[in-house]
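Step one of this worksheet: look at the structure below.
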Protein chains: 2
Amino acid sequence: MVKEKTSGDMVRGNLDLMVLSALADGPKYGYLIQNALSKASGGTFTVQAGTLYPLLHRLEAEGWVRSRWDDSTGRKRKWYRLTPRGRKQLVHQAQQWREYADCIWRILAPVLGQSPDAMESS
Amino acid sequence: MVKEKTSGDMVRGNLDLMVLSALADGPKYGYLIQNALSKASGGTFTVQAGTLYPLLHRLEAEGWVRSRWDDSTGRKRKWYRLTPRGRKQLVHQAQQWREYADCIWRILAPVLGQSPDAMESS
DNA sequence: ATCAATGCATAGAGTGTCAATATATCAAGC
DNA sequence: GCTTGATATATTGACACTCTATGCATTGAT
C-alpha cells in the first residue's frame with residue numbers, strides 16, 4: 001500500500017529538452033506543444049499550461065526559441081520556433097541526456113536484471 | 001559560448017533511486033554511499049553530503065531503509081540498509097525509470113539520429 | 001599540537017513544477 | 001443576445017528537491 005508519488009511531475013528535469021524537441025519539426029504554439037508532447041509520449045507526459053508558458057518564456061530569454069503573435073486566423077496565437085542556437089542546444093542536451101541515461105542504466109542493470117520475487121532475502 | 005547549467009544537479013529527480021540502488025548490494029554508511037555512487041557512475045554523479053543525509057532521513061521516514069549506529073570501530077558510523085519494502089520500492093522505481101527513459105528515448109531518437117551539422121535549415 | 005581527511009548533520013537559498021486562478025476568444029445552442 | 005464549453009495565454013503562490021555553506025566531532029599523520 002505504498003503511495004505513488006511519481007504521478008504528477010514525471011518530466012522533472014527534462015521538460016526543457018522535451019519542449020525543444022517538440023519544436024524540432026516546425027513552429028508550434030503553446031497549446032499545440034502540450035498536445036504534441038502528450039501524444040508523442042503516449043500519454044505519459046502531460047505538461048500543465050502553468051508549467052509550459054513560463055518555460056517557453058525562459059527558453060526565449062535564453063535565445064533558444066523566438067515567438068511571434070499571429071491573429072490572422074481570428075484566434076490570437078503565439079507561435080514559437082527554434083532558433084539555430086536552440087537547435088544546437090537541443091542536440092547538445094539530447095546527447096547529454098543519453099550519456100546521463102546510460103550511466104543510470106549501468107547502475108540499474110543489476111537491479112532490473114533479476115525479478116522482484118528473487119529479492120526477499122535481506 | 002553557451003553557459004553550461006547542468007554542471008551541478010545532474011541527478012535531479014533520480015537521487016532516491018540512485019541511493020536505493022547503492023544499498024542494493026549490502027548496507028553502507030553515508031560516506032560509503034557517496035563514494036560508491038561516484039565510482040559506479042564513473043564520476044558523473046557527485047552527491048553532496050548536504051544532499052545525501054537529509055535524503056537518507058527521508059528514505060528512513062518512508063520505511064525504505066533502516067539505520068543503526070555502530071561505534072565498535074572507534075569511529076562512529078551510521079549504517080543504512082534496505083528494508084524489504086525498500087527493496088520492492090527500488091525495483092518498482094527502477095522499472096518506472098526504464099519506462100520513462102524509453103519514452104524520452106523515442107522522442108529524442110529523431111533528434112539524435114541526425115548530426116548537428118545537418119540542422120542549419122530551421 | 002596542528003592539520004587534513006573522515007563522518008554526520010542543519011540552515012538558507014535557488015529552481016522547477018504544479019495547482020489554482022484570471023482573462024479573452026470562438027463556436028454552438030437556446 | 002445570452003450562456004456555455006473548448007480553446008489559448010498568462011500569473012500567482014506553494015511545495016519539493018537539490019545545492020552551497022557551515023558546523024561539530026573524531027581519527028591519523030606530520
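Per chain, numbering begins at 1; letters A, B, ... match sequence-line order. What's counted below: heavy atoms across the whole structure, side chains too, no hydrogens, waters or symmetry copies. Not measured: the values here are computed from a predicted model.
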**Study point:** Rounded distance (Å) that lies between atom P of C/dC8 and atom CD of B/Glu60
**Key:** 13 Å
Study note, to complete from the structure: Hits for side-chain hydrogen bond (donor to acceptor under 3.5 Å, both in side chains) against B/Tyr53, two or more places apart or cross-chain, chain-then-number order -> none
Check your understanding: Of all residues at least two apart in sequence or in a different chain, which pass the side-chain hydrogen bond (donor to acceptor under 3.5 Å, both in side chains) check with B/Asp70?
Key -> B/Ser72
Review point. B/Leu17 has an atom CG; how far is it from atom P of D/dT18, in whole Å?
Key: 11 Å
Output side-chain donor-acceptor pairs under 3.5 Å for residues 104-111 of chain B, partner residues at least two apart or in another chain, one line each.
none

Point to revise | Euclidean distance, atom CG of residue B/Asn14 to atom P of D/dC17 [Å, nearest integer] | key: 12 Å
Review point. Roughly, in whole Å, what's the span from CG in B/Leu56 to P in C/dT10?
Key: 12 Å
**Study point:** Residue pairs fulfilling salt bridge (charged side-chain N to carboxylate O under 4.0 Å, His left out) with at least one residue in residues 24-33 of chain A, sequence neighbours excluded
**Key:** A/Asp25-A/Lys28
Practice item. Mind calculating the distance between CG (B/Asp16) and C1' (D/dA16) to the nearest angstrom? Key: 11 Å
Point to revise | Identified side-chain hydrogen bond (donor to acceptor under 3.5 Å, both in side chains) counterpart of B/Gln96 within the set B/Glu99, B/His92, B/Gln93, B/Arg98 | key: B/His92
Check your understanding: Rounded to whole angstrom units, what separation is found between the CG atom of B/Leu55 and the P atom of D/dA16?
Key -> 15 Å
Point to revise | Interatomic distance where CG belongs to B/Leu52 and P belongs to C/dC8 [whole Å] | key: 8 Å
Review point. Got a sec, which residues hit side-chain hydrogen bond (donor to acceptor under 3.5 Å, both in side chains) with B/Ser67, two or more places apart in sequence or on another chain?
Key: B/Glu60
Revision key, fill the gap. Regarding the side chain of A/Gln48, the nearest nucleotide among C/dA19, D/dC19, D/dT18 is C/dA19
Review point. In whole angstroms, how far is the C1' atom of D/dT26 from the CG atom of B/Asp70?
Key: 14 Å
Exercise for review: Starting at the 5' end of nucleotides 4-10 of chain D, put B wherever the base has a protein heavy atom under 4.0 Å, S where only the sugar-phosphate does, and a dash everywhere else.
Suggested key: ---BSBB
